[in-house]
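Presented below is the structure to which this report refers.
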Number of protein chains: 2
Amino acid sequence: MAGGARSASVVDVAAEAGVSLGTVSNVLNRPERVSDATRLRVEKAMARLGFVRNESARQLRAGQSRLLAYVMLDVANPFFTDVAQGIDSAAAEHELALFLCNSANDAGREAAYLTHLSQQRVQGILVTPVDPHSPLLEEIVKHTPVVIVDRTRDDKRFCSAAADDVAGGRLAVEHLIDRGHTRIAYIGGPPSLGQVRERHEGALLACRESGLAEDALLHIGTDGLGFADGREAGERLIGIPAKRRPTAAFCANDLVALGLLQQMSLSGRTVPDDLAIVGFDDIDFAGAAAVPLTSVRQPRRELGRRAAELLLDEASNPDHEHRQVIFTPELVARRSTLN
Amino acid sequence: MAGGARSASVVDVAAEAGVSLGTVSNVLNRPERVSDATRLRVEKAMARLGFVRNESARQLRAGQSRLLAYVMLDVANPFFTDVAQGIDSAAAEHELALFLCNSANDAGREAAYLTHLSQQRVQGILVTPVDPHSPLLEEIVKHTPVVIVDRTRDDKRFCSAAADDVAGGRLAVEHLIDRGHTRIAYIGGPPSLGQVRERHEGALLACRESGLAEDALLHIGTDGLGFADGREAGERLIGIPAKRRPTAAFCANDLVALGLLQQMSLSGRTVPDDLAIVGFDDIDFAGAAAVPLTSVRQPRRELGRRAAELLLDEASNPDHEHRQVIFTPELVARRSTLN
DNA sequence: GCGTGTCAGTGAAACCTTTCAATAAGGCGG
DNA sequence: CCGCCTTATTGAAAGGTTTCACTGACACGC
């Protein structure tokens with residue numbers, strides 16, 4: 001707990017040790033230039049006074065920090081924490097610290113974090129934005145390197161690393177159609193999320209190419225992409241009369257898929273016999289689920305790592321050019337679609 | 001990307017707008033004291049120059065920030081992200097931003113984060129430490145409020161919020177003994193983690209109280225508490241001759257339990273018939289697992305929220321007294337132990 | 001017409017660190 | 001004994017913001 005007194009500064013330490021403040025700074029930053037005797041004296045003074053370097057003052061002088069930040073859409077989604085680990089490993093190699101910020105899918109929170117980070121002069125910001133076209137991002141990228149993760153923009157004003165969501169959605173639904181399904185549900189929301197829209201688009205594409213009827217794909221909207229949303233969607237699905245009810249579901253992510261799966265079990269249905277399920281992301285838990293989950297795999301750690309590398313290039317290379325790295329997703333078939 | 005020019009400061013804005021720097025500061029901090037005309041002029045100058053407030057300079061002046069940080073042991077473990085959400089909700093109510101830092105169970109990384117945060121004069125630090133008795137923590141708490149999460153210390157120099165791990169371990173193993181098991185594995189590691197040790201202790205207690213033989217509890221050590229560690233432990237378990245092989249396993253957390261569960265399926269065993277499994281934490285995925293997992297539930301969000309409240313009290317209340325909040329865990333029985 | 005009060009705007013000081021040119025002290029060769 | 005070199009130390013300046021006591025200007029009431 002902070003005592004009453006103002007915390008000690010280099011000046012206080014200098015006084016205590018009977019040296020000039022320049023010497024104290026030298027002890028801190030270039031100890032080899034200070035004689036052993038004085039260094040010791042200064043160090044003791046620091047200990048006595050409980051001196052703690054003031055990072056704000058340092059940064060003010062230095063102009064910037066050795067800090068990266070990742071503003072993520074949902075900490076509770078293992079997909080994003082895996083991406084964060086990829087970023088982290090790249091950051092650690094460059095001796096940069098990484099701060100994680102959870103926007104929780106809220107544009108206001110995201111904006112607050114982005115503003116704070118840019119004012120803090122971090123080296124760079126990675127972000128999975130609620131809306132990649134937000135004007136705030138354009139504003140910030142003028143002075144702070146920003147890389148968009150798990151999204152892209154049509155213009156080329158940002159670097160980004162993402163998987164091809166349309167291709168992923170297509171893979172998922174092609175797989176279901178291959179397995180003979182002709183009434184398929186697409187489960188996800190909110191539609192404001194690009195991920196939700198594009199995976200849907202891919203799903204539609206697959207239907208069209210296979211010559212399925214327009215209404216073969218039933219869109220069941222959800223409020224979010226969490227566990228609970230999947231369960232709720234399950235209830236609604238069960239409510240549909242059997243002859244019109246889809247025999248397969250493609251979920252916008254694995255959390256929703258796992259929630260759906262759980263709801264199916266709870267209400268005594270069997271997966272994949274009563275309902276085949278495909279998820280998206282292939283998080284670790286997908287393979288460990290009640291019925292191991294077929295899912296569209298994204299290279300999560302790699303995605304984070306590449307994004308961080310783009311950021312570091314943007315931060316340090318004067319000839320930097322914006323690049324969009326697109327990863328191709330891949331279907332991992334498991335029991336939830338194989339009967 | 002930063003242009004060649006030094007970024008604009010209040011002085012530059014003042015010059016551009018033809019006012020004094022004090023007025024610019026007033027526009028920023030007390031706009032009501034500035035006439036509409038000048039305010040507009042200043043705001044336009046800011047826009048023209050792309051002025052971005054320098055947070056370091058602000059903090060230097062102010063002495064501290066509206067920032068909290070949580071240094072977590074493992075971002076990839078949903079238990080900790082749930083705790084983080086609890087912290088977040090309390091922080092948001094007080095209009096504080098929360099930064100998440102992942103120590104990844106590495107004392108060096110943890111130390112680097114803690115040092116940086118204290119030097120940054122954050123309002124407070126929450127931490128699930130690798131070692132709650134680290135001297136660095138004692139050092140830091142002298143000037144920055146620190147609350148220990150998911151651990152406690154014997155002395156009362158810190159606030160902390162945690163669940164009773166010994167009680168939890170005991171619950172888990174009592175349950176297994178009730179179900180008739182007499183050869184039980186305890187799976188977890190590394191022993192440097194207090195969580196691992198105390199849950200083990202609780203397990204031993206349960207055995208002793210039920211009059212089981214000394215060697216009824218077989219400790220299978222793991223390198224960490226992840227998915228992969230659980231799978232690996234599964235392989236080792238299977239390698240044990242059938243007559244000596246445990247018929248039940250208590251895992252130090254759910255990730256390990258889920259890994260173990262998966263390994264059992266992969267090698268054609270049935271849970272709970274071949275092996276009953278109890279996990280710890282009751283993360284959301286536990287209920288959705290291949291075989292829904294019996295687990296020891298901790299109130300994860302509540303734990304985070306209480307910890308944050310303790311921190312905020314410590315940061316703002318001069319009469320603050322350190323408190324140790326202990327939550328009592330509760331067993332949630334599911335199919336992985338019920339046959 | 002004068003004192004008083006209000007309002008808008010001013011500018012110096014403080015926050016703490018780092019850097020760098022300058023100084024002091026000491027040793028050495030000539 | 002002097003000048004020169006090295007090494008240790010110094011102190012002022014800079015970095016950007018906020019605060020606060022202060023100045024002008026203006027309106028109002030008497």
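Labels below follow one simple rule: chain letters A, B, ... track the order of the sequence lines, proteins then strands, and each chain is numbered from 1.
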Between [N] ([atom2]) and [X] ([atom1]): distance, integer Å:
X: B:Leu28; N: D:dT18; atom1: CG; atom2: C1'; result: 10 Å
X: B:Asp12; N: D:dG16; atom1: CG; atom2: C1'; result: 10 Å
X: B:Leu40; N: C:dA8; atom1: CG; atom2: P; result: 15 Å
X: B:Asn54; N: C:dC15; atom1: CG; atom2: P; result: 18 Å
X: B:Arg33; N: C:dT10; atom1: CZ; atom2: C1'; result: 14 Å
X: A:Arg53; N: C:dC16; atom1: CZ; atom2: P; result: 15 Å
X: A:Gln119; N: D:dT17; atom1: CD; atom2: C1'; result: 12 Å
X: A:Met46; N: C:dT17; atom1: CE; atom2: C1'; result: 11 Å

Just checking, any donor-acceptor pair under 3.5 angstrom between side chains of [X] and [Y]?
X: B:Asn54; Y: A:Gln119; answer: no
X: B:Ser160; Y: B:Gln324; answer: yes
X: B:Arg301; Y: B:Ser89; answer: no
X: A:His133; Y: A:Asp154; answer: yes
X: A:Arg121; Y: B:Ser7; answer: yes

Side-chain-base donor-acceptor pair under 3.5 Å for A:Arg61 and C:dT18:
yes

NA contact type, [X], heavy-atom cut-off 4.0 Å: base, sugar-phosphate, or nothing?
X: B:Thr23; answer: base
X: A:Val34; answer: sugar-phosphate
X: B:Val24; answer: nothing
X: B:Ser56; answer: nothing
X: B:Ser25; answer: base
X: B:Arg58; answer: sugar-phosphate

Quick one: which of [options] gets closest to the side chain of [X]?
X: A:Ser20; options: D:dG11, C:dA8, D:dA8; result: D:dG11
X: B:Arg30; options: C:dC15, D:dC20, D:dT17; result: D:dC20
X: A:Val10; options: D:dT10, C:dT17, D:dA8; result: C:dT17
X: A:Ser9; options: C:dG11, D:dT17, C:dC16; result: C:dC16
X: B:Asn29; options: C:dT18, D:dT19, C:dA8; result: D:dT19
X: B:Asn26; options: C:dT10, D:dT10, C:dC15; result: C:dT10

When you match B:Ala37 and B:Arg121 each to their closest nucleotide on DNA chain C, which lands nearer the 5' end?
B:Ala37

Verify the neighbour count for atom CZ of A:Arg48: are there more than 12 heavy atoms of other residues, nucleotides or ligands below 6.0 Å?
yes

DNA chain D: A:Glu32 or A:Leu21, which has the more 5' nearest nucleotide?
A:Glu32

